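All figures in this text were calculated on a predicted structure; none of them were measured in a lab. Counting starts at 1 for both ligands and their atoms, following the listed order.
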Amino acid sequence: MHRKPIVVGNWKMNKSPREAIDFVKQLEARVREFDSVDKAVAPTSLALTGVSDALQGTQLLVAAQNAHWKVGGAFTGQVSATMLRGLAQFVILGHSEVRAYLAETDANVNRKAKAALAAGLQPIIAVGESLAQNEAGETIDFVRGQVSAALAGISAADMARVVIAYEPLWAIGTGKSATSEQADGIIGAAVREPLRELYNDSVADNTRIQYGGSVKPGNMAEFMAQPNIDGALVGGASLHVDDFAALVEIAARVKGS
Ligand code: PEP
């Protein structure tokens, strides 16, 4: 089975709409040739329209950083999955910063994933344990629980559009990444194998799973070489055109065919 590599840059609360447009124009020219890799940028929601317009007709895709499960209504500050139609192909859900600072729950991640799928988007569902959980040996059970809660009620057919990102909290924005073997083992035991039980072999073998946590050009090849890792969700390094382009090039070289 071949899983197309996927590299997504999560810009978080960085880059103005104008900066975002300038950036994606430069990046698109640098990554155009790597069509064996799916690649997307996740700018601030303010920049989604401009970035989406700037990237029309290209293979550099757009991700939103979050989306509400309701179609519309009295939800101040929120953006619905329905509103993202035509502006983004992916939406990141359950990012650890949203879980930590905006009290995101597994139940809400599940509602949001279903709403995203219904709106025609591809959810990128982020899961991962804290340092304390990791040190207490709770990683596998905890991440497994996040995965099954996020996917409750999602059909095997819809799983073809779901991406899962394993991001140990202690490796995000800290410069401290998990070793590639560690990450691959956790992804296998806590994400891919549970998919076999929750769904079937085909879903387990075909679902794309990213690693995230201080990924940069210097360590990308190691992660991409691991059997369970199909790409990266990248924060810091995705803010620089050279680094982002290098990550896509490495993904293409290591797993692009
Ligand atoms: C992230 O925010 O998803 C992330 C992995 O950040 P960084 O690459 O900066 O660790």
Closest to atom 6 (O) of ligand 1 by heavy-atom distance, out of Ser214, Ala237, Gly235, is Gly235

Check contact between Ala171 and ligand 1, using heavy atoms of the residue and a distance below 4.0 angstrom.
yes

Worksheet item: Should Lys216 be listed as contacting ligand 1, given a heavy-atom distance under 4.0 Å as the test?
Response: no

Counting from 1, what ligand 1 atoms have a heavy atom of [X] closer than 4.0 Å?
X: Gly236; answer: 7 (P), 8 (O), 9 (O)
X: Gly173; answer: 7 (P), 9 (O), 10 (O)
X: Gly213; answer: 5 (C), 10 (O)

Carboxylate-amine/guanidinium contact Asp205 Arg196, below 4.0 Å:
yes

inquiry  = Check this for me, if you would: do Asp141 and Arg144 make a salt bridge, where the nitrogen-to-carboxylate-oxygen distance has to be below 4.0 angstrom?
reply    = no

> Is it true that atom NZ of Lys25 has more than 12 heavy atoms of other residues, nucleotides or ligands lying nearer than 6.0 Å?
Replying inline: no

Lys112 meets the salt bridge (Lys or Arg N to Asp or Glu O under 4.0 Å) criterion, sequence neighbours left out, with Glu104

Go through the steps to decide whether Asn66 and Val79 satisfy the test side-chain contact (heavy atoms from CB on, under 4.5 Å), and finish with yes or no. CA-CA 8 Å; Asn66 200 355; Val79 171; over 6 Å; no

The closest protein heavy-atom partner of atom 1 (C) of ligand 1 is His95 NE2, 3.3 Å

Among non-hydrogen protein atoms, atom 3 (O) of ligand 1 lies closest to Glu167 OE2, 2.6 Å

Check: So is there a nitrogen or oxygen of Glu97 less than 3.5 Å from a nitrogen or oxygen in ligand 1?
Finding: no

Under 4.0 Å between heavy atoms, the region of Asn10 that gets near ligand 1 turns out to be side chain

Answer whether the closest heavy-atom distance between the side chains of Val241 and Phe23 falls below 4.5 Å. yes

Ala116 and Ala81 have their tightest heavy-atom pair at CA-CB, 3.8 Å

